[in-house]
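Let me give you the structure first, and then I'll get to my questions.
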2 protein chains.
Amino acid sequence: MTPTVPEVLLKAPLFASLPPDDLRRLADIAIPRRCEKKKTIFREGDRAEGFFLVSAGSVKIFKLSEDGKEQVLHIVLPGQSFAEAAVFEGGTFPAHAEALEDSELVFMPKRQFIELLERNPRIALRMMASLSMWLKRMTDLVESISLSDVETRLVRYLSEDMRNRGVTPKDGTVYELDVGKNVLASRLGTVPETFSRTLKKLQEEGKIRVKGKQIRILKAGFLDPGGPG
Amino acid sequence: MTPTVPEVLLKAPLFASLPPDDLRRLADIAIPRRCEKKKTIFREGDRAEGFFLVSAGSVKIFKLSEDGKEQVLHIVLPGQSFAEAAVFEGGTFPAHAEALEDSELVFMPKRQFIELLERNPRIALRMMASLSMWLKRMTDLVESISLSDVETRLVRYLSEDMRNRGVTPKDGTVYELDVGKNVLASRLGTVPETFSRTLKKLQEEGKIRVKGKQIRILKAGFLDPGGPG
DNA sequence: CGTAGGGTTGAGGTTAATCAAGTATGGTGG
DNA sequence: CCACCATACTTGATTAACCTCAACCCTACG
């Protein structure tokens with residue numbers, strides 16, 4: 001049924017460098033799925049029958065208030081997993097998920113996955129690491145939204161994201177936004193207008209130069225001064 | 001060395017109703033520890049050698065900004081565990097912990113606990129459930145702080161906390177605060193002044209009556225209207 | 001009885017949301 | 001290739017929620 005082990009299982013931190021045996025078993029239960037841009041993957045409260053990995057594309061995980069305001073919790077990139085928690089707690093999704101672009105996902109059915117975990121501590125440990133990572137992300141997000149102003153949040157986000165991409169910011173480094181500015185605004189817990197103004201302010205202070213999705217770092221020094229953790 | 005299985009292991013959701021064998025093994029590695037009121041248990045960034053359960057008392061988990069502002073992430077009550085994530089990710093604590101009252105804790109050393117997990121899927125699954133619960137708490141906290149105003153947050157907190165205590169609010173129900181108002185304010189992502197005013201407003205609207213740590217619910221109807229999840 | 005810590009109240013300031021137009025941008029069909 | 005549309009983004013003016021600062025109160029406790 002599954003001729004080869006999907007690439008994403010090999011490169012995802014969740015499963016990377018597991019013994020071939022484990023990977024085969026994982027591949028056996030993995031169900032590929034594609035998802036068009038802007039399509040809903042699940043809604044908060046939906047019954048959760050499993051969790052996902054992103055093979056290609058990107059997925060927005062977000063909360064919605066009653067009056068339609070949105071808070072992006074995370075933008076899931078290839079190799080990352082999401083909705084793991086729904087497998088273990090409550091059985092419903094705790095947030096919404098939507099594809100930001102045409103994406104390829106892998107679905108891991110809850111029941112079979114748990115069976116696998118029961119006889120496979122290595123995978124279980126990876127799972128706990130992944131959950132812990134999400135937890136750290138969310139606690140940092142709480143801190144950031146609650147204790148910092150928008151400018152600080154933006155600067156930290158840039159700094160952090162460059163680190164994740166393996167880029168060491170120097171004067172002149174160009175950073176390319178991989179999501180729309182409205183999505184980023186929502187991730188930062190603000191609105192597009194404020195986001196735009198904040199970017200403008202940094203530009204007027206000579207720290208960056210913005211052109212569309214390109215942000216050129218003019219004075220790398222302003223990044224970093226003490227993030228969370 | 002450990003004559004009996006500590007009570008907290010039996011009643012904590014994390015370990016409750018595990019087979020006696022598992023519980024004995026857990027008891028073998030558990031280290032009791034007491035902690036005086038206001039004493040720091042750990043600081044964010046400290047090297048984490050394990051995680052904790054609360055046997056008695058209560059513990060404040062919180063983030064601190066550079067200029068000293070505090071955001072309480074959770075108030076850990078007896079039977080609950082904290083800092084599990086630090087065992088699996090990074091190896092440092094992602095937040096601060098401080099005893100709110102004289103408390104009794106149980107410390108679970110990382111190394112031995114992981115060994116236990118490796119041969120014990122049942123415990124591993126509990127652990128994942130616990131991490132998932134924390135994750136849900138934190139995503140709900142993000143939503144709450146980011147998308148609701150202080151009044152809504154307070155009302156939801158009351159509603160949720162009464163549910164956790166197994167109380168179904170009716171007109172006349174008395175709710176007793178188990179933490180100081182300043183702590184609660186910080187948990188709600190606000191300051192004592194705003195918290196006080198919000199309580200006053202609800203009182204002026206005839207919804208509650210506040211007397212010290214007692215809050216009498218006058219019109220239970222105002223609780224509930226659609227929380228997160 | 002006096003002090004300390006927690007809590008409340010008031011006045012004023014600030015950040016960021018909202019409302020309301022505008023201006024790119026990018027894809028589509030003519 | 002261009003006109004067109006929808007969407008994304010920007011800008012400006014106004015408003016509102018909430019924080020800050022400062023003073024005061026109150027209750028517990030030595």
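In what follows, chains carry the letters A, B, and so on, assigned in the order in which the sequence lines appear, proteins first and then strands, with residues in each chain numbered from 1.
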Rounded to the nearest Å, what distance is computed from the NZ atom of residue A:Lys200 to the P atom of nucleotide C:dA16?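 A:Lys200 atom NZ is separated from C:dA16 atom P by 17 Å.
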What is the distance, to the nearest angstrom, from the CD atom on A:Glu70 to the C1' atom on C:dT18?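 It is 17 Å, rounded to the nearest whole Å.
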Please report, rounded to the nearest Å, how far the P atom of D:dC9 is from the CD atom of A:Gln203. 16 Å
Residues A:Asp140 and A:Lys136 bridged, charged N to O under 4.0 Å: yes
Under a 4.5 Å cut-off applied to non-hydrogen side-chain atoms, are B:Val59 and B:Leu105 in contact? yes
Each nucleotide of nucleotides 15-30 of chain D classed B (base within 4.0 Å of a protein heavy atom), S (only sugar-phosphate) or -, in 5' to 3' order, makes ---SBBBB--------
Is it the case that atom CE in A:Met162 sees more than 12 heavy atoms from other parts of the structure closer than 6.0 Å? yes
Before accepting this row, confirm whether a basic side-chain N of the pair B:Glu151/B:Lys201 lies closer than 4.0 Å to the acidic partner's carboxylate O.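 Between B:Lys201 and B:Glu151 there is a salt bridge, with a charged N closer than 4.0 Å to a carboxylate O.
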Base, sugar-phosphate, or nothing: which does A:Lys38 touch, judged by heavy atoms less than 4.0 Å apart?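 Sugar-phosphate only.
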Under 6.0 Å from the CD atom of B:Glu7, do we count more than 12 heavy atoms belonging to anything else shown? no
Using a cut-off of strictly less than 4.0 Å, decide whether A:Lys181 has a side-chain nitrogen or oxygen near OP1 or OP2 of D:dT10. yes
Provide, to the nearest angstrom, the distance between the CG atom belonging to B:Leu147 and the P atom belonging to C:dT18. 10 Å
A:Glu204 CD to D:dT10 P: how many Å, rounded?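 After rounding, the reported distance stands at 13 Å.
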Give the rounded distance in Å between these two atoms: NZ of B:Lys37 and P of C:dG5.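 To the nearest whole Å, that distance equals 12 Å.
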Could you verify whether a donor N or O on one side chain and an acceptor N or O on the other, from B:Gln80 and B:His74, lie under 3.5 Å apart?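 Short answer, yes.
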Taking CG from A:Leu177 and C1' from D:dA8, how many angstroms apart are they, rounded to a whole number? 13 Å
Euclidean distance, atom NZ of residue A:Lys211 to atom C1' of C:dA24 [Å, nearest integer]: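 Rounded to the whole Å, the gap is 13 Å.
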